[in-house]
Amino acid sequence: MAEQGSRSSRIRATGRRRVERGKGRRAVTVAAWSAAGLVLAGGCGLGYVYTTLNGNIDSVDINAQLRDDDRPRDVDNGSLDILVLGSDTRAGANGEYGRDEGAARSDTAMILHVYEGHKKASVVSVPRDTIIERPDCTDRAGAAVPGQRKAMFNTAYEVGGPACAVRTVEKMSGIRMDHYVEVDFTGFKKLIDELGGVEITTTEPIKDPSSHLDLAAGPHTLTGEQALGLVRTRKGVGDGSDLGRIQLQQAFMKAFIEQARSVGVFTSPKKLWDIADTATKAIRPDSELDSVKELADFAGGLGKLGADDVEMITLPVRYDPADLNRVIPLQAQSQQVWTALRADLPIPASATEDTAKGRADGVVKQGHGGPE
């Protein structure tokens, strides 16, 4: 995703967020579409809608937890940079997906760059097992958390919560995050079900008991449970790697975006309400997106993006020779990615050449047998 324009054309958030994963990964798009519809509802005098939905939103104040003088410069060029995280907590209703160990990690991480004009975007998926240098942070209680020279990327959220995840991404990329959005397992499932499912076609069977997934080759309209299984599966397809899972996630997100655009939220007040109510409960945004009005304004910058307008890549990495279950960023190619996004330019094709990849590309296509 990328940038340029006047500050007035951009939702200004000196900190972050927001995306993201739960499964912040795709829910931010539905939340944006739902919020856009709320503008119409509010214009019809349905003020109670705002009061009720505002009460659903649980936000986090990223700016208050990060020192402004220790963050990348806030570039005023009309672009938006958003960190979208999915948290893999097993607490509460998410317990069916594993044992609650008292901590959550960022199961999915996407950096969304919306270019100046908000007609194009790029997504950079960061593998959760990427070995990075984690900066000093503070945890949710304000206690100091020392940095670590070689840490897995997803431990930043585990030890320091959303603010530490944002700080880590900003240190990696040199890009200031404007927003942060997070979604959990159960919220993600409910959003898919409210949408009426998501249409995909699988080119080979996918079966993974650990993620409750059993799909034959062919067309499917995924329920929320099946969609969650698809974006979580590693062993059911390809080489069983996290990189393969990211390929499935990105293919699913393309289908999800188109499905969200096709649902008649503007023609059905009940559908609008159901999706908006579910979305505002499912996401945890930064404090600058903590009202229906702010989400609606934010949606105005995302609502016109279709699947073909969004380029998706994985951070350029190689397998760690010391542990093939881990990956290491390719510094020169990663810098190509960050340099392009800082300049609000498309990511060059050379940035993703000869990088480690999974083996799930093409296994999932959007729609029921139509073009990908």
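- No hydrogens or angles considered: nothing links the side chains of Q333 and S350 as a donor-acceptor pair under 3.5 Å.
- Closest non-hydrogen pair, L230 versus T233, comes out as O-CG2, 3.2 Å.
- No side-chain heavy atom of R318 sits under 4.5 Å from any side-chain heavy atom of T355.
- Under the disulfide bond (SG atoms under 2.5 Å apart) criterion, the residue pairs touching residues 123-176 are C137-C164, with sequence neighbours excluded.
- Side-chain heavy atoms closer than 4.5 Å link hydrophobic residues (I, L, V, M, F, W, Y) into clusters, and following such links, possibly through other members, connects L228 to L248.
- Looking at heavy atoms from C-beta onward, T202 lies out of side-chain contact with E204 at the 4.5 angstrom threshold.
- Scanning all heavy atoms of the two residues, the minimum distance from L315 to P127 falls at CB-CD, 4.2 Å.
- Of the possible polar contacts, one joining the S334 side chain to the L330 backbone as a donor-acceptor pair under 3.5 Å is found.
- Counting only distance, with no hydrogens or angles, the side chain of R167 and the backbone of D136 share a donor-acceptor pair below 3.5 Å.
- Under the 3.5 Å distance criterion, the side-chain polar atoms of D320 are left unmatched by any main-chain donor or acceptor of L324.
- Using a 4.5 Å heavy-atom cutoff, the side chains of V310 and V123 are in contact.
- With rounding to the nearest 0.5 angstrom, the CG atom of D193 is 10.0 Å from the CZ atom of F188.
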Run the side chain to side chain contact (heavy atoms under 4.5 Å, CB included) test on V159 and R134 for me, step by step, so that the C-alpha distance in whole Å, both residues' side-chain angles and the decisive distance to 0.1 Å come before the verdict. CA-CA 10 Å; V159 301; R134 192 182 70 227; 3.8 Å; yes
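- For the pair Q250 (side chain) and I313 (backbone), a donor-acceptor distance under 3.5 Å is present.
- Separating the CD1 atom in I283 from the CG atom in L191 is a distance of 8.5 Å, to the nearest 0.5 Å.
- For S291 (side chain) and E294 (main-chain N/O), a donor-acceptor pair under 3.5 Å exists by modelled atom type.
- Remark: K254 NZ is packed, more than 12 non-hydrogen atoms of other residues, nucleotides or ligands lying under 6.0 Å away.
- Judged purely by atom type and a 3.5 angstrom limit, Q247 uses its side chain to pair as donor or acceptor with the backbone of A360.
- The minimum heavy-atom distance between K120 and D308, with the atom names listed, is NZ-O, 4.0 Å.
- At a threshold of 4.0 Å, the pair D277-K281 counts as salt-bridged, since one of the basic side-chain nitrogens sits closer than that to a carboxylate oxygen.
- Distance OG/S210 to CZ/R232: 7.0 Å, rounded to 0.5 Å.
- Side chains of S173 and L341 form no contact here, defined as non-hydrogen atoms less than 4.5 Å apart.
- H220 contributes a side-chain N or O that, together with a main-chain N or O of A216, makes up a donor-acceptor pair within less than 3.5 Å.
- Of all heavy-atom pairs between S125 and I246, the closest is CB-CG2, 3.6 Å.
- Note that the CG atom of D323 and the CD1 atom of I131 stand 7.5 Å from one another [nearest 0.5 Å].
- Contact between R71 and N63 at its shortest, heavy atoms only, is NH1-OD1, 3.5 Å.
- With hydrogens and angles disregarded, no donor-acceptor distance shorter than 3.5 Å links the side chain of K365 to the backbone of T201.
- At a threshold of 4.0 Å, the pair R149-E133 does not count as salt-bridged, since none of the basic side-chain nitrogens sits closer than that to a carboxylate oxygen.
- Between P346 and A340 the shortest heavy-atom distance is O-CB, 3.5 Å.
- Annotation: side chain of R128 is in contact with side chain of R245 (closest heavy-atom distance under 4.5 Å).
- Cation-pi check for R284 over Y157 is not met; the charged atom does not lie both under 6.0 angstrom from the ring centroid and within 45 degrees of its normal.
- Distance CG/L66 to OG1/T138: 7.5 Å, rounded to 0.5 Å.
- Contact check for D81 versus R176: no side-chain heavy atoms found under the 4.5 Å cut-off.
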Taking it one step at a time, do V237 and V364 satisfy side chain to side chain contact (heavy atoms under 4.5 Å, CB included)? CA-CA 10 Å; V237 67; V364 172; over 6 Å; no
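- For the pair F252 and L222, the minimum side-chain heavy-atom distance is below 4.5 Å.
- Looking at D290 and S287, their side chains never bring a donor and an acceptor atom within 3.5 Å of each other.
- Separating the OG1 atom in T155 from the CD1 atom in I132 is a distance of 6.0 Å, to the nearest 0.5 Å.
- In this structure, the side chains of P135 and T168 come closer than 4.5 Å at one or more pairs of heavy atoms.
- Remark: side-chain polar atoms of H179 are not paired, donor with acceptor, to backbone N or O of M177 under 3.5 angstrom.
- Within the structure, disulfide bond (SG atoms under 2.5 Å apart) contacts touching residues 170-255 (residues at least two apart or in different chains) do not occur.
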Test side chain to side chain contact (heavy atoms under 4.5 Å, CB included) applied to Q226 and T223, step by step: CA-CA 5 Å; Q226 290 173 317; T223 64; 3.4 Å; yes
Evaluation steps, salt bridge (charged side-chain N to carboxylate O under 4.0 Å, His left out), between K171 and D70: CA-CA 10 Å; K171 287 293 185 182; D70 196 31; 3.5 Å; yes
Would you sort out whether Q65 and V60 count as a side chain to side chain contact (heavy atoms under 4.5 Å, CB included), showing the intermediate values? CA-CA 10 Å; Q65 298 179 52; V60 55; 3.7 Å; yes
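- Counting only distance, with no hydrogens or angles, the side chain of T203 and the backbone of G362 share a donor-acceptor pair below 3.5 Å.
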